[in-house]
There are 2 protein chains.
Amino acid sequence: MNIGKWTIEKYNFSEEEIKLTLSHFVPKMVKENEFFLKAGEVSNYIGYVTKGLLRSYFYDDQANEITTNFFPEGSLIIVADSFNNRLPSKEYIKAIEDSELSIISYQEQMDLYKLLPAWYQICKDFGDIKISEILNRAESFQTLSASERYQKFCSEFPQLLQRVNLGYIASYIGVDNATLSRIRKKK
Amino acid sequence: MNIGKWTIEKYNFSEEEIKLTLSHFVPKMVKENEFFLKAGEVSNYIGYVTKGLLRSYFYDDQANEITTNFFPEGSLIIVADSFNNRLPSKEYIKAIEDSELSIISYQEQMDLYKLLPAWYQICKDFGDIKISEILNRAESFQTLSASERYQKFCSEFPQLLQRVNLGYIASYIGVDNATLSRIRKKK
DNA sequence: ATACGATTTTGACTTTTGTCAAAAGATTAT
DNA sequence: ATAATCTTTTGACAAAAGTCAAAATCGTAT
């Protein structure tokens, strides 16, 4: 089971353990424009995207839709605050394309902690990767101009450029729609 | 041992286990303007701040000093990328005031994993708190204006206002020095 | 192909933020 | 107390980004 960054190879699991882990996951389809999670619900699943593309977003005070993340194949979807602390989510997660996920429920995941002590380690490592990703994102906002953030987005996620609305990208990099259009125009 | 958000109370440790945990920590003083970590070094300690105030910063491409965090009493200092992946740090961590920390080395911490399986859980939970903090920070950049970010900083960290240079705050909220001065002027 | 809706671009204008350099104010060392 | 240094404020200006509304473009369903 090699799932990109989210690999469990390095934990030297036995066949047994791998089977045990995988047996706790179930497949799930999410059709284009359907929700994997709605704001107000408590996130009850971690999802690994095997196919397709989803995005997360929420509404700010002025009811603007703010895109916070894209989840193409190979992504792990965890709505950290909601899933970990059993709180209602602020975010929606919606499929941009027909998508296939492999999901594990909160409860199943708790069971795994008991059956497989390494599961804590795995989850901690996954968390560490998330931390690096978000730090990187915060740093971009802190130090880069709108146009530099767009450049960076393009080089980090070239595959997404063809697959998502520019409006989503604009909001993801924290820029007005019209401004992104102008940024793209000049070179 | 109640250390604010970073509490180990909820893990229902025995006296033994608490002693075991604490025995792995050692005290460390960092005088004003001294470094807890320098860029280029591999971060070898997690530090819990019991007294004083430190900050983390790095230099961007144009050699601007960018403040990324403040660590007053009650903070947990982990330079995630460097500590977890044993990579040289981009960041400096320097004391703004004479500070006292309680630190645990990478190795000691690894030993704790073996002696105390719950240590993984604790570290995962600490990571989850960090994730929420950084997400909150990224969201501020994504959705708030410079002056709103300053307001938010003031209400989130009122104690820091009196204790750190405005220049550090400006950089932390991603705003030019002169701009922050003007923001503060008008009301 | 046509028409509808959604997305993207454009124009004219405003507001926000940055830049640079100088002045004012604080702080520290001698 | 004074000089030297660091921090903060200010002014004049420039650049970046936002706003609003209309036009152009694209995609899809009929």
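To find a chain, count down the sequence lines: A is the first, B the second, and so on, and within it residues start at 1.
- With dT9(D), dG18(D), dT7(D) as the candidates, the nucleotide lying closest to the side chain of S181(B) is dT9(D).
- Nucleic acid contact for N165(A): sugar-phosphate only, since backbone atoms but no base atoms lie under 4.0 Å from a heavy atom of the residue.
- The hydrophobic clustering, which links ILVMFWY residues whose side-chain heavy atoms are closer than 4.5 Å, places L135(B) and I173(A) apart.
- The L166(A) side chain lies nearest to dT9(C) when the options are dT7(C), dT9(C), dA17(D).
- For dT19(C), its base sits under 3.5 Å from the side chain of R182(B) at one donor and acceptor pair at least.
- Residue S145(A) has no polar side-chain atom (N or O) positioned under 4.0 Å from OP1 or OP2 of dA16(D).
- Checked for salt-bridge contact, R163(A) and E97(A) meet the test: a charged N lies under 4.0 Å from a carboxylate O.
- At whole-Å resolution of the value, CG in L144(A) and P in dT17(C) are 17 Å apart.
- The closest side-chain donor-acceptor pair between T68(B) and E139(A), if any, does not fall under 3.5 angstrom.
- The existence of a salt bridge linking E100(A) and K31(A) is excluded, since no basic side-chain nitrogen approaches an acidic carboxylate oxygen closer than 4.0 Å.
- Among dT17(C), dA17(D), dT10(C), the nucleotide with an atom closest to any side-chain atom of K185(A) is dT10(C).
- One interatomic measurement links the two molecules: CZ of R184(B) to P of dT7(D), which rounds to 15 Å at whole-angstrom precision.
- Both Y168(A) and T179(A) sit near DNA chain C, but only Y168(A) has its closest nucleotide nearer the 5' end.
- Rounded to an integer number of Å, the gap from N64(B) CG to dT19(C) C1' is 12 Å.
- Between the P atom of dT16(C) and the NZ atom of K186(B) lies a distance of 6 Å, rounded to the nearest Å.
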